[in-house]
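In listed order, ligands and their atoms are each counted from 1.
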Amino acid sequence: MDSSAADPSTGIVRRPSVCPHDCPSTCALDVEVTGGQRIGRIHGAEDQRYTAGVVCAKVARYAERIHHPDRLTRPLLRVGPKGSGQFKPIDWNEALDRVAERFLDVERRCGAEAVWPYFYAGTMGLVMRDGIERLTHAKRYSRFFGTICVGAAWPGYAAGAGRISGVSPSEMAKSDVIVIWGTNAVATQVNLMTHATRARKERGATIVAIDIYDTETMRQADLALRLRPGADGALACAVMHVLFRDGLADRDYMARYADAPDALEAHLETRTPQWASAITGLSVAAIEEFASLVGRHKRTFFRLGYGFSRQRNGAANMHAALCVPTVSGAWAHEGGGALHSNSGCFKLDKTMIEGLDARDPSVRRLDQSRVGAVLGGDAEALKGGGPVKAMLIQNTNPLAVAPDQEKVRRGFAREDLFVCVHEQFLTDTARTADVVLPATMFLEHDDLYTGGGHQYLQFAPRAVDPPEGCRSNHEVVVALAERLGARHPGFAMSPRQLIDWTLRASGRGTLAELEAGRWLDCAPPFAQAHFLDGFAHADGKFHFRADWPATPYANDGLKGPWREMPSLPDHWPVNEAADDEHPFKLAISPARNFLNSTFTETATSRARERRPTAMMHPDDLAALGLADGDLARLGNGRGEVRLHVRAFAGVSRGLIVSEGVWPPSAFLDGRGINTLTGDDSVAPFGGAAFHDTRVWARAG
Ligand code: SF4
């Protein structure tokens, strides 16, 4: 632990940490600790350039979460029917013995692939998030294919650029235009707004926001483009049409750095602003204004978020948006180019953390987004293999966050399925478990973090001791490995040893060095970040012609209607279309005071978000005979949910936006919003289209 002296007047010590939540900002934190154990206010580190002293309110008041009276602190054994929430406390040894016995029994009777360890982004720390993979590989359990966040976005970006990296966000200080596309930064990555608004103040940069409803980010933008869900590809095409038409395309740049500029120009001839206006709902004038802005300012920074990729045509839309700075030549200029995620710039050797040297590629890999189908025995989802009979779940809450929730619920209710959930609170998923294990929070263990929205590699040492009874993910994985006879050198290492090994093997120094410096800026040199030494395809070119089957990222075999995907950027009308029976489209967007399903347990966040709500245009409400605050039912073939409506003219007619992944138990009928979302695989490699759902709505 940090040993800096306490402030004599307050007794407060400030300890360094890193935000572990599923947010691209991965903020560097200064944590107030009193009495050695009590967390106070959490601050953003002033001297880390990206965090720049700013954190979001929900993390600033983390004391409420870490010292929450409902935290799990004792292992629990189910004593009532599945999902009843009836448990009795047991001790750790009995809990671990029971889990190991059941896993070994399942393995004996059904084979190792009948066990499926399941995890995700509840913490982004590499040791605590990914260590479960070491157990998976050492035991040859069914492998986990993580798609919920990146499934559509990464293939789309990589199809163009060849790898998942981009321009450092610090370059926004040199940008003339900053385009925040498909992400509500005010709610989900506050630091991005810090840098964008600073550029506006200091050099008069113009902020453009593109989204499907009037978010707070849209309200703070100089130009806000509210388009129809799934229409981003059409907007990108029309912008590029204007760039070619008006002599604003950088032909010299494209001749050197792009694969097929002539074919693209010919293809875009018919993708006019008028054509895009009919698809996007934007005015021709707004499209022309945006295109002109981008074309006249080479220092245009495209911050491409995940939100607009969560459509059935999401990968194609991401690729199309990424083509714009290539046509304008923005990549060649400081402050210009694009950033989606910088996760590709760290190049860490994760062999020891994840047990990659024990990985057997012949073992099946199951898509997390299809957990309902997997547990329901869907042959395709099971990759032709036998049923899943046992699960260990860490860092995720599939009963709330996975699509097609009724299917997921039925799967977890199976009497022949044994589930161990290692969690901080009794989530909806934990309530269905056979054994629940209490987990530590990030301030109670050591871990290593990479950023997505920046390029800092950061170490967070344990700041306080965990409550008695809580154990870290690493401790649980190691204890189970011992009981299960799993062999790997990583099981004999502490988190600090794993981190030190990883840093050394990756050429990133040592843990002692990283701890002394707190963070390491892994930003590639300018030419590399801007792809001036070539894009990451074999020919060194940016690919306007996407070769979807050859795209390297998130590739676990082709899925969905990938054969129909456009090669050149286009509007791909593959999304769930509203029809007479389902006249509305539904999007599930992030809530400012939650992060996925995390923080739904804290009183302040819940009070600020109030209750599950469907935001609808006042005219749509009136047509349904509904008023602000009324109860409504939303439904489709997958099920129905009951929640309150809110009149909001910032949502277009025909669209419903429901913010936040509220626990199903917070809804009036106990069915959460993901009851309505589909789990069909998004092309080209899988994932879920959370913002692409058609529904009916009626008074309820
Ligand atoms: S902005 Fe994101 S990374 Fe920063 S503290 Fe909030 S949730 Fe964590």
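- Close approach of ligand 1 to C19 (heavy-atom distance below 4.0 Å) involves ligand atoms 3 (S), 5 (S), 7 (S), 8 (Fe).
- At least one N, O or S atom of C27 sits under 2.8 Å from atom 4 (Fe) of ligand 1.
- Of all atoms in ligand 1, numbered sequentially from 1 with element shown, those under 4.0 Å from a heavy atom of V190 are 1 (S).
- Metal site remark for atom 2 (Fe) of ligand 1: C23 contributes an N, O or S atom at a distance under 2.8 Å.
- Salt bridge annotation for D214-R219: absent, with no cationic side-chain nitrogen under 4.0 angstrom from a carboxylate oxygen.
- Ring planes of F144 and Y118: perpendicular class, angle over 60° (limits at 30 and 60°).
- Residue contacts with ligand 1, taken as heavy atom pairs separated by less than 4.0 Å, involve L595 solely via side-chain atoms from C-beta onward.
- Taking every heavy atom of T26 and a limit of under 4.0 angstrom, the matching atoms of ligand 1 come to 3 (S).
- D428 places a side-chain heavy atom less than 4.5 Å from the side chain of S665.
- Remark: side-chain polar atoms of N342 are paired, donor with acceptor, to backbone N or O of G166 under 3.5 angstrom.
- Closest of all the heavy-atom pairs between I148 and R310 is O-NE, 3.8 Å.
- Under 2.8 Å from atom 6 (Fe) of ligand 1 lies an N/O/S atom of C56, whether from backbone or side chain.
- Ring geometry for F442 versus H21: interplanar angle over 60°, hence perpendicular rather than tilted (30 to 60°).
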